[in-house]
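Here the structure is laid out as structure tokens; the discussion comes afterwards.
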Amino acid sequence: QVQLVDSGGGLVQAGGSLRVSCAASGRTFSDYVMGWFRQTPGKEREFVAAISWSGDSTYYADSVKGRFTISRDNAKNTVYLQMNSLRPEDTAVYYCAAKSRYSGRNVYSYWGQGTQVTVSS
């Protein structure tokens, strides 16, 4: 089992920045690909960003490319999402998730509890 705890959300004005974090425990952190997702009421959870187990490869949704940066610190068992140039449409609950790097399936098995990010116009 992997336990994930999301933190760092809050209220920020449009154009501002925020960094959310996800602390992992329970298993070897570097065995997992980490991702960030977000969800707003009435909508499906959507992919935001992902990072390989080593941190060498990153992936982004088109809507956040160039504004958000995902990173990880395997020594601290933590993954981060730095969000710059925030827009009101970025308002959502942000969730981190983990999937085993050994699995051939693109399924995230573990999820954090979510942290609310609100961007005011």
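All values below were derived from every heavy atom in this structure, side-chain atoms included, with hydrogens, water molecules and symmetry-related copies excluded. Position 1 is the first residue of the sequence; numbering continues from there. What you are looking at is a predicted structure, and each value in this text was computed from that prediction instead of being measured.
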Can you see which heavy atom on Ser17 is nearest to which on Gln82, and at what distance?
CB-NE2, 3.9 Å
Side chains of Met83 and Val117 in contact at under 4.5 Å (non-hydrogen atoms):
yes
Report yes or no: do Val79 and Leu18 belong to one cluster of Ile/Leu/Val/Met/Phe/Trp/Tyr joined by side chain heavy-atom distances under 4.5 Å?
yes
Would you mind reporting whether Ser7 and Thr115 have side-chain heavy atoms less than 4.5 Å apart?
no
Ignoring hydrogens and angles, tell me if any N or O in the side chain of Gln39 forms a donor-acceptor pair with the backbone of Ala92 under 3.5 Å.
no
So which atom in Ser121 and which in Pro88 form the shortest heavy-atom distance, rounded to 0.1 Å?
CB-CG, 3.8 Å
How long is the gap from SG on Cys96 to CD1 on Ile70, to the nearest 0.5 Å?
9.0 Å
Taking only residues at least two apart or on different chains, which pairs with a member in residues 47-63 satisfy salt bridge (charged side-chain N to carboxylate O under 4.0 Å, His left out)?
Asp62-Lys65
Going by the ring-ring contact (aromatic ring centres under 6.0 Å, His included) test, which pairs reach into residues 17-45, not counting sequence neighbours?
Phe37-Phe47, Phe37-Tyr108, Phe37-Trp111
Sort and list the pairs that fulfil salt bridge (charged side-chain N to carboxylate O under 4.0 Å, His left out) and have at least one residue in residues 74-83, not counting sequence neighbours.
none
Honestly curious: do Met34 and Tyr110 fall in one hydrophobic cluster under the side-chain, below-4.5 Å linking rule?
yes
For Asp73 and Thr78, test the side chains for any donor-to-acceptor distance below 3.5 angstrom and give the result as yes or no.
no
For Ser120 and Leu11, the nearest pair of non-hydrogen atoms, with its separation, is CB-CD1, 4.3 Å
In short, Gly114 meets Val93 closest at the heavy-atom pair CA-CG1, 3.8 Å
Would you check if Leu81 and Thr69 make a side-chain contact, meaning some heavy-atom pair closer than 4.5 Å?
no
Determine which pairs satisfy ring-ring contact (aromatic ring centres under 6.0 Å, His included) with at least one residue from residues 48-80, sequence neighbours left out, and list them in order.
none
Counterpart residues, salt bridge (Lys or Arg N to Asp or Glu O under 4.0 Å), relative to Arg38 (two or more places apart):
Glu46, Asp90
Side chain to side chain donor-acceptor pair (under 3.5 Å) contacts in which one or both residues fall within residues 95-107, not counting sequence neighbours:
Asp31-Tyr102, Lys99-Asn106
Within the side chain of Thr91, is there an N or O that forms a donor-acceptor pair under 3.5 Å with the backbone of Thr118?
no
Are Val2 and Val33 grouped together when hydrophobic residues (ILVMFWY) are joined by side-chain heavy atoms under 4.5 angstrom apart?
no
Pairwise side-chain contact, Asn74 with Arg72, heavy-atom cut-off 4.5 Å (strictly under):
yes
Is any side-chain heavy atom of Gln3 closer than 4.5 Å to a side-chain heavy atom of Arg27?
no
In this structure, CZ of Arg45 is separated from OG1 of Thr40 (nearest 0.5 Å) by 11.5 Å
